[in-house]
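To keep things clear, I will list the structure first and then write my remarks on it.
All values derive from a computational prediction rather than experimental measurement.
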Protein chains: 2
Amino acid sequence: MSKISKPQSCLQCPYKWKHLNLLSDDDIRSIRQNCTIIRFKKGETVCKQGTDATHVLYLAKGMVKLYIEGEKNLILRLIKAGEYIDLQTLFGDNSYRYSVAAMDDTEVCMINSEHIRKLAEKNSAYLFELTKVISDSGNYFYKKISDISSKHLRGRLADALLYLADEIYENKEFDLGMTRRELAEMSSMSMENAVRILSELKADKIISVKGKRIKILQYDILKKLSDIG
Amino acid sequence: MSKISKPQSCLQCPYKWKHLNLLSDDDIRSIRQNCTIIRFKKGETVCKQGTDATHVLYLAKGMVKLYIEGEKNLILRLIKAGEYIDLQTLFGDNSYRYSVAAMDDTEVCMINSEHIRKLAEKNSAYLFELTKVISDSGNYFYKKISDISSKHLRGRLADALLYLADEIYENKEFDLGMTRRELAEMSSMSMENAVRILSELKADKIISVKGKRIKILQYDILKKLSDIG
DNA sequence: AAAAATAATTGTTATAAATCAATGTTTTTA
DNA sequence: TAAAAACATTGATTTATAACAATTATTTTT
């Protein structure tokens, strides 16, 4: 964590967050007053499971992982620049149920929660949109929880690869921006098994693997592996 | 599903839902106009995974299970009288990510979603409270997802028993209002293993089991089993 | 550039959990 | 009330997955 700064103006910010259009120029200026940009280096912890959330976190640059700490970690999702890291703590119980760490060099806007709550309270269109984001983020976990509990190794790793290709990198070829251990933590399996299945998929020519470079060669088959679990 | 009726008045309803105090008498009357009470018999499906939600569901009487359908079902939580069955679909994507079925004879108030959205839009205090409920319901799943993916059979069954005792029946002794198969679906394991572990816990005098009647004899040890996973 | 640390890979072994099987019990239905 | 169906129980077997171990490759530090 380093280099603390105030944004010049949220209006001109290239990483302008969603729903800013619902706020008045005055409100946006007030956000600037209550916002601090913090830079995190790869690997640094952005927020820690169990602590109290005092700020809304918005990811302006880079990528972070949202994960649950335990004897073995479980990565629930990755967050790209231009997304809220967390809104769940804004209205409900305000302690973090997960930790967040930087996957590369990132910039995070931290806006005082109380301030956002005040803006939301007097602007129901804005609150409405925030609530939508919270709802959808909850909905995402229904599928995740059922996938994790019902699918086998191959299906779960297929899920992780499809998630990376479809949701994160939006490309069938991508640099896996993480270690094999983290890929395993995304798919809830041991690191050795993640490596093994990666090798199997490679041997079956479903994907190509060169170090961190992964290319999905047979998307449909990978999809099928995900489906049959 | 049977016996469709309109509530006499939501104001006098003994199962009055939360946050009604934030609405004007007129609003509450308008809810009555948009509300239908439907009775479900044990086992009946209240809502089906994949279909579109057009109504907010409020459980006035009885108990329902919220579960994800698949080759093997996964029961995510039970809902008691006096709780919303679902709010997630109110603001976000409006298709059900899960199914809901009655565990006993139940009464469900079904209120037109569009109507609630309108009320919420012009009453931000009300919207605020609904958002809190949605947030907390999402938060619940963080723990659930990590428990399911990291704990072993014994830890998961201990979780289910503690959930029933602490959250649902609020008593260390209770009638398991479900089959062994459903208990297994709550703990994400095979029915046979749920039975086996129940027998083990009984042999170890941690619980007593007589048919559906379960009593937690050594709460602290059960808690420890849940903790160590 | 060498040394140390971390990450990746593959094979082997041990363990957890599902499935299969057989049987007894309770509940529902005719 | 008898028969059928669903539920519960316990043991044996198979399968999936984690843990262990040994080796090589890559990255980081000195």
*Mapping S199(B) and M189(A) to their closest nucleotides on DNA chain D, which lands nearer the 5' end?*
S199(B)
*Scan K212(A) against the nucleic acid and name what it touches under 4.0 Å (heavy atoms): base, sugar-phosphate only, or nothing.*
sugar-phosphate
*Return the value, rounded to whole Å, for the distance between atom CD1 of I214(A) and atom P of dA8(C).*
11 Å
*If you look at every strand shown and take non-hydrogen atoms under 4.0 Å, does T179(A) touch a base, only sugar-phosphate, or nothing?*
sugar-phosphate
_If you only use heavy atoms from C-beta on, which nucleotide in dA18(C), dT9(D), dA18(D) is closest to the side chain of L153(A)?_
dA18(D)
*To the nearest angstrom, how far is R196(A) atom CZ from dT13(C) atom C1'?*
11 Å
*Mind calculating the distance between CG (L176(A)) and C1' (dA8(C)) to the nearest angstrom?*
12 Å
*Is the shortest side-chain N to carboxylate O distance from K41(B) to D105(B) below 4.0 Å?*
no
*Would you call K42(B) and D104(B) a salt bridge, taking side-chain N to carboxylate O under 4.0 Å as the test?*
no
*Rounded to whole angstroms, how far apart are CZ on R180(B) and P on dG24(C)?*
19 Å
*Taking all atoms of both residues into account, what is the closest heavy-atom pair of A102(A) and V64(A), and its distance?*
CA-CG1, 4.0 Å
*Mind checking what makes side chain to side chain donor-acceptor pair (under 3.5 Å) contact with R156(B), not counting sequence neighbours?*
none
*Does the side chain of D86(A) reach to within under 4.5 Å of the side chain of I79(A), using non-hydrogen atoms?*
no
*Would you mind checking if E167(B) and R77(B) are paired as a salt bridge, meaning a charged N to carboxylate O distance below 4.0 Å?*
no
*Would you indicate, yes or no, if dA8(D) has its OP1 or OP2 atom less than 4.0 angstrom from a side-chain nitrogen or oxygen of R181(B)?*
no
_Between the side chains of E185(B) and K72(B), is the shortest nitrogen-to-carboxylate-oxygen separation below 4.0 Å, so that they form an ion pair?_
no
*In whole angstrom, give the distance that lies between atom CZ of R154(A) and atom P of dT15(D).*
14 Å
*Which nucleotide, dA8(C), dA16(D), dA8(D), lies nearest any side-chain atom of V195(A)?*
dA8(C)
*In whole Å, what is the span from the CE atom of M191(A) to the C1' atom of dT10(C)?*
12 Å
*Could you say whether K42(B) or E192(B) is positioned toward the 5' end of DNA chain C, judged by the nucleotide with the nearest heavy atom to each?*
E192(B)
*Between atom CD1 in I148(B) and atom C1' in dA17(C), what is the gap in whole Å?*
15 Å
*What does the inter-axis angle of the helix from dA1(C)-dT30(D) to dA30(C)-dT1(D) come out as, five pairs per end, nearest 10 degrees?*
50°
_Whole angstroms only, please: what is the CG-C1' distance between L157(A) and dA8(C)?_
15 Å
*Hey, which of these two, N193(A) or M178(B), hits DNA chain D nearer its 5' end, going by closest nucleotide?*
M178(B)
